[in-house]
Amino acid sequence: MSNNEQTNSHSHFPWSHLIGFGLSIFLTLLALWVGFASDFSLRTIMIIVVILALIQAAIQLLMFMHITESDSSRIQVGTILYAVFIAVAVVAGTIWVMSFGMHNMNM
Amino acid sequence: MESVEYSPNTPLEYQSETGRLNILGFWIFLGAEIALFSTLFATYLVLVGRTAGGPGPEELFELSGVLIETFLLLTSSFTCGLAIHYMRNHSLKGLFLWLGITLALGLGFLGFEIYEFVHYIHEGAALTTSAYWSAFFVLVGTHGAHVTMGIAWIILILIQLKQRGLTPDTTRKVFISSLYWHFLDVVWIFIFTAVYLYGMVM
Amino acid sequence: MKLDEFFVTGDPLIYGADVSIALTLIGAIFALTYFKKWKWLWTEWLTTVDHKKLGIMYIIAAVLMLFRGGVDAMLMRAQLTVPDAGFLDANHYNEIFTTHGTIMIIFMAMPFLIGLINVVVPLQIGARDVAYPFLNAVSFWTFFMGAMLFNISFVIGGSPSAGWTSYVPLAGLELSPSVGQNYYLLGLQIAGIGTLLTGINFLVTILKMRVPSMKLMHMPMFTWSSLITMVIIIFAFPVLTVALALMTFDRLFGSHFFTMMDGGMPMLWANLFWIWGHPEVYIVILPAFGMFSEIISTFARKTLFGYKAMVYSMVVIAGLSFLVWVHHFFTMGAGGAVNSFFSITTMLIAVPTGVKIFNWLFTLYKGRIRFTTPMLWSLAFIPNFVIGGVTGVMLAMAAADYQYHNTYFLVAHFHYVLISGTVYACFAGLHFWYPKMFNHRLNERLGKWTFWIFVAGFNLCFFPMYFLGLAGMPRRVYTYGVADGWMSLNVLATMGGVLMGIGFLILVYNIYYSFRYSPRETTGDPWDARTLEWSTPAPVPHYNFAHLPEAKGHDAFWIMKQERKQGKTQEKKPYKPIHMPSYSGVPVVMSVFFFIAGFGMVFSWHWMSILGLIGVLATMVIRSFDYDKGFYVSVEEIEEDQKRTTL
């Protein structure tokens with residue numbers, strides 16, 4: 001069974017987990033800085049922090065969850081990529097579809 | 001089952017047909033969970049601001065609580081990874097220790113979250129108050145319910161580990177529950193960003 | 001709650017139904033006791049994890065649901081034949097079209113197709129069962145319990161009446177205060193769990209449990225269509241889960257997702273429902289396409305034309321199916337930009353389907369056609385479905401849709417695609433694979449009578465509805481006036497409906513007649529077919545294959561037969577013990593607890609819901625501690641089975 005990088009890493013120190021953890025903390029703190037301490041507009045802030053979130057998610061998928069190990073890595077990665085496509089379609093689609101004339105309403 | 005030769009480096013959880021099929025199946029289930037959470041996020045984002053004149057997140061969200069929850073959950077995901085690392089090095093003791101720490105951190109997360117919810121309700125922001133808060137409680141609450149189920153699930157597996165030790169079956173169950181646990185932290189990244197950060201920066 | 005709110009009262013039709021239900025139950029219990037079949041029922045059927053048996057149970061349930069959905073349709077047609085008929089009042093009519101739609105799509109089409117997929121796909125890929133046999137049983141039983149919950153509504157508590165699309169505010173607590181709508185929410189929710197599990201199960205089965213020699217691009221087209229359907233299920237059903245849950249929260253716990261007050265957005269329901277709802281119609285049509293591919297190829301005695309195009313077109317359909325949903329509510333006010341985008345994507349999705357139609361035609365061209373019943377259904381599908389499809393492109397034009405939307409034009413369109421697509425395929429597939437399931441064929445003469453009467457009736461019923469829609473008749477109206485001028489077309493439609501009912505009755509008679517008189521199969525290949533399921537003997541052993549077959553290309557069984565004719569025999573390899581999964585009572589028990597939980601939630605008897613949920617969790621815990629590894633079928637048993645067959 002093919003899991004090259006993974007077979008070696010398990011008698012050694014769990015580097016990928018430590019790096020993943022460190023990067024996640026860093027990205028979280030970065031997002032906080034962008035949100036609270038920078039002077040970008042709300043729109044810019046949200047674009048940046050969503051991108052940071054996607055990066056952190058990808059890091060955790062790779063480094064914590066080892067999505068690319070195992071014989072079925074292509075199916076696993078393919079599934080998650082398709083799921084991301086669906087997530088974007090559902091979230092962006094819903095926001096767009098529901099965005100008509102709502103700024104005028106007093107809710 | 002036909003007997004297959006597994007290389008000695010193959011982790012125990014992958015050393016059975018059931019293991020490989022169940023792990024793959026679970027990844028696909030996680031894909032479905034992404035679709036589920038994206039629907040909850042879509043609903044939430046569309047209902048932001050619709051507080052019907054009642055309290056809003058800008059008044060109630062507190063950065064300190066959110067950061068504590070985030071670091072508890074993130075660290076628990078890290079310790080969960082360590083637990084798998086020890087499992088793959090055939091250390092039942094290491095597995096127990098780090099899974100135990102993971103659960104403790106998870107319970108801590110839940111504790112803070114429950115406290116947070118109760119606080120909001122006391123301040124007049126409940127599920128029934130307005131569309132915004134309905135969306136908040138269902139999105140964040142669904143995540144919290146998943147964490148609760150994850151904790152219960154891992155406890156059940158710890159019992160089975162105690163009974164049977166490290167076998168292809170028990171390691172498979174531990175691995176799958178670890179995928180679930182990591183996934184919950186991945187979802188939290190987006191809750192942190194789209195709910196709390198967005199709500200406090202708006 | 002008063003007894004006359006709990007039991008539905010005041011309607012003779014309902015009382016008649018109560019009596020029939022009671023009699024049937026008593027009759028079933030009596031028969032099982034008299035023939036001492038309780039143990040058999042439990043050990044052979046209620047606890048089975050065998051995909052073939054689960055498939056048969058799905059199909060039986062689907063046929064029963066087709067009966068109920070059909071009766072709903074007959075009642076609707078009766079009411080609409082003449083203006084101001086007075087047969088059904090408005091509320092009763094609303095309940096009937098709601099249950100008609102919900103049952104036909106969720107509890108008839110889905111189980112019929114999934115049932116056939118269950119029986120056929122593992123056999124087509126040379127597997128001995130699915131990847132997760134236990135989960136497969138959970139899928140069936142949650143479907144069954146969800147269906148039972150939904151179906152009991154019309155005698156206990158009242159049916160939902162807000163349409164199968166259940167739009168708010170009508171479906172909300174204020175305008176639908178009775179429990180009927182809760183049945184919709186919980187019945188679909190429970191059944192949906194099973195469907196999602198089926199999606200995962202068959203995706204993994206098809207990708208990982210094919211016989212090793214069968215490459216992905218050599219799989220039978222029905223298997224391909226099933227694979228792609230599973231992808232759609234996996235990503236669409238969670239959206240429904242959330243939508244139903246949000247409405248349940250609004251109705252039971254006072255949240256404000258879709259309410260008119262306190263910030264809710266009623267249109268959000270339509271948005272979320274259709275994000276699921278559109279992929280759902282592709283879920284019910286793609287397996288149909290797969291079945292037609294098999295049947296047309298078999299009875300034209302030609303390899304399917306354009307294999308790759310057929311595969312890629314379904315992949316494209318699956319992807320696009322998640323990008324067209326707003327066309328279901330063009331008129332709800334999303335605006336020009338949104339409508340234009342979705343108009344374009346909707347027109348685009350017609351293209352790959354068109355590609356498939358041409359490929360079927362090219363398969364037929366220069367084929368040596370055998371006009372068996374399954375083939376007749378498949379041939380009728382082509383022109384009828386094209387009519388439905390092109391009217392779909394008409395509806396896709398957002399501006400034009402303002403004229404067609406929610407008229408009988410739309411009703412005609414979707415019945416044309418659903419019936420000539422899904423229902424014809426179910427009939428075709430039932431006939432085609434019947435001998436594989438039940439070891440005898442359905443009678444051809446009766447089958448042809450069913451076909452001609454049903455197809456004639458279908459076209460007579462629904463073609464006039466295009467004109468009714470253009471003449472202005474809205475859908476979901478319980479009556480109309482003389483001055484509207486819609487009566488003649490409605491009369492034609494009712495006549496067509498009656499013919500469809502007669503066709504269905506002939507089919508039911510066929511099932512009985514064939515059981516009594518059809519000769520039993522001696523080979524496993526009554527049609528001289530092309531794919532691996534036909535290489536199994538008659539009856540199919542529970543482990544499917546004594547030896548795993550070898551798949552050397554497209555139409556693997558055809559290749560095997562050609563090689564046999566050329567004298568290339570295979571050496572007899574010795575049999576090995578075969579590992580099979582154990583049966584289990586947990587799925588059915590878990591599902592009963594789901595029913596209890598659902599029933600409790602319908603009536604807001606939360607002590608019952610909590611008990612039910614605890615029961616579900618308990619069965620999951622029991623399952624978690626179950627380390628049963630299945631059993632081995634002995635070589636002796638395999639040899640015994642082989643002696644009894646002629647292959």
Side-chain angles (χ1 to χ4, degrees), chain A residues 1 3 6-11 13-14 16-18 20-21 24-25 27-28 31-32 34-36 42 45-46 49-50 52-54 56-57 60-61 63-67 69-72 75-80 82-84 86-95 97-99 102 105 107, chain B residues 4 6-11 14-15 20-21 23-24 27-28 30-35 37-39 41-43 45-47 49-53 63 67 70-71 74-75 77-78 80-82 84-86 88-89 130-131 178-179 182-183 185-187 189-190 192-194 197-198 200-202:
Chain A
M1 110 155 208
N3 55 341
Q6 184 270 318
T7 49
N8 297 322
S9 72
H10 281 91
S11 10
F13 191 75
S16 67
H17 286 280
L18 205 52
F21 186 43
S24 297
I25 295 177
L27 288 165
T28 306
L32 283 167
V34 168
F36 289 110
L42 177 64
I45 289 174
M46 286 323 294
V49 297
V50 167
L52 290 177
L54 288 165
Q56 195 184 144
Q60 291 196 17
L61 279 163
M63 309 206 119
F64 285 176
M65 296 168 81
H66 304 302
I67 187 175
E69 80 181 4
S70 102
D71 291 337
S72 306
I75 303 174
Q76 289 168 187
V77 173
T79 301
I80 299 300
Y82 200 84
V84 170
I86 299 292
V88 169
V90 170
V91 173
T94 300
I95 292 174
V97 169
M98 302 302 297
S99 66
M102 276 301 159
M105 312 213 83
M107 294 278 203
Chain B
V4 180
Y6 294 105
S7 93
N9 280 329
T10 309
Y14 282 103
Q15 280 193 27
R20 284 131 66 103
L21 286 177
I23 291 170
L24 171 60
W27 271 105
I28 296 168
L30 290 180
E33 288 264 74
I34 291 176
F37 275 101
S38 63
T39 312
F41 274 104
T43 301
L45 290 170
V46 151
L47 295 177
R50 300 176 75 90
T51 47
L63 185 59
L67 282 179
T70 303
F71 285 109
L74 175 60
T75 310
S77 191
F78 171 63
C80 184
L82 290 183
I84 300 295
H85 172 82
Y86 278 97
R88 288 181 171 183
N89 282 319
S130 61
S178 82
L179 285 180
H182 288 306
F183 173 74
D185 189 55
V186 173
V187 174
I189 298 169
F190 293 96
F192 169 82
T193 306
L197 198 53
Y198 182 39
M200 289 186 283
V201 162
M202 244 193 336

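Not measured: the values here are computed from a predicted model. Note on naming: letters A, B, ... go to the chains in the order of the sequence lines (proteins, then strands), and numbering restarts at 1 for each one.
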Side chains of B:I84 and A:H66 in contact at under 4.5 Å (non-hydrogen atoms): no

For the side chain of B:S38 and the backbone of B:A35, is there at least one donor-acceptor N/O pair under 3.5 Å apart? yes

Contact class of B:Y86 relative to chain A, heavy atoms under 4.5 angstrom: neither

In terms of heavy-atom pairs under 4.5 Å, which option from A:I67, A:T28, A:I86 contacts chain B the most? A:I67

Report yes if some heavy atom in the side chain of B:T70 is under 4.5 Å from a heavy atom in the side chain of B:F192; otherwise report no. yes

Honestly, the part of A:M46 sitting under 4.5 Å from a heavy atom of chain B is side chain

Applying a strict 4.5 Å limit to non-hydrogen atoms, the region of B:S130 in contact with chain A is neither

Side chain, backbone, both or neither: which part of B:F37 has a heavy atom under 4.5 Å from chain A? neither

Interface residue of largest heavy-atom contact number with chain A, from B:G81, B:A194, B:C80, under 4.5 Å: B:G81

Counting only heavy atoms closer than 4.5 Å, note whether B:L197 contacts chain A via side chain, backbone, both or neither. side chain

Any idea which of A:A53, A:A87, A:G35 has the most non-hydrogen atom pairs under 4.5 angstrom with chain B? A:A53

Hey, can you tell me if B:F190 and B:F41 have their rings parallel, tilted or perpendicular (30° and 60° cut-offs)? perpendicular

So for A:I25, is it side chain, backbone, both, or neither that comes closer than 4.5 Å to the heavy atoms of chain B? both

Between A:Q60 (side chain) and A:S24 (backbone), is there a donor-acceptor pair under 3.5 Å? no

Would you say the side chain of B:T193 lies within less than 4.5 Å of the side chain of B:Y198, judging by non-hydrogen atoms? no

Flag the one option from B:V201, B:I189, B:V186, B:I23 with the top tally of heavy-atom pairs under 4.5 Å to chain A. B:I189

Considering only heavy atoms and a distance below 4.5 Å, find which of A:V84, A:L32, A:V88, A:L52 pairs most often with chain B. A:L32

Of the backbone (N, CA, C, O) and the side chain (C-beta and beyond), which part of A:I95 lies under 4.5 Å from a heavy atom of chain B, both, or neither? both

Residue, of B:S178, B:A32, B:A131, B:S77, that accumulates the most heavy atom pairs under 4.5 Å with chain A: B:S77

Side chain, backbone, both or neither: which part of A:L18 has an atom under 4.5 Å from a heavy atom of chain B? both

4.5 Å side-chain heavy-atom contact, B:T75 and A:F21: yes

Pick from B:L82, B:T43, B:L63 with the largest number of heavy-atom pairs that fall under 4.5 Å of chain A: B:L63

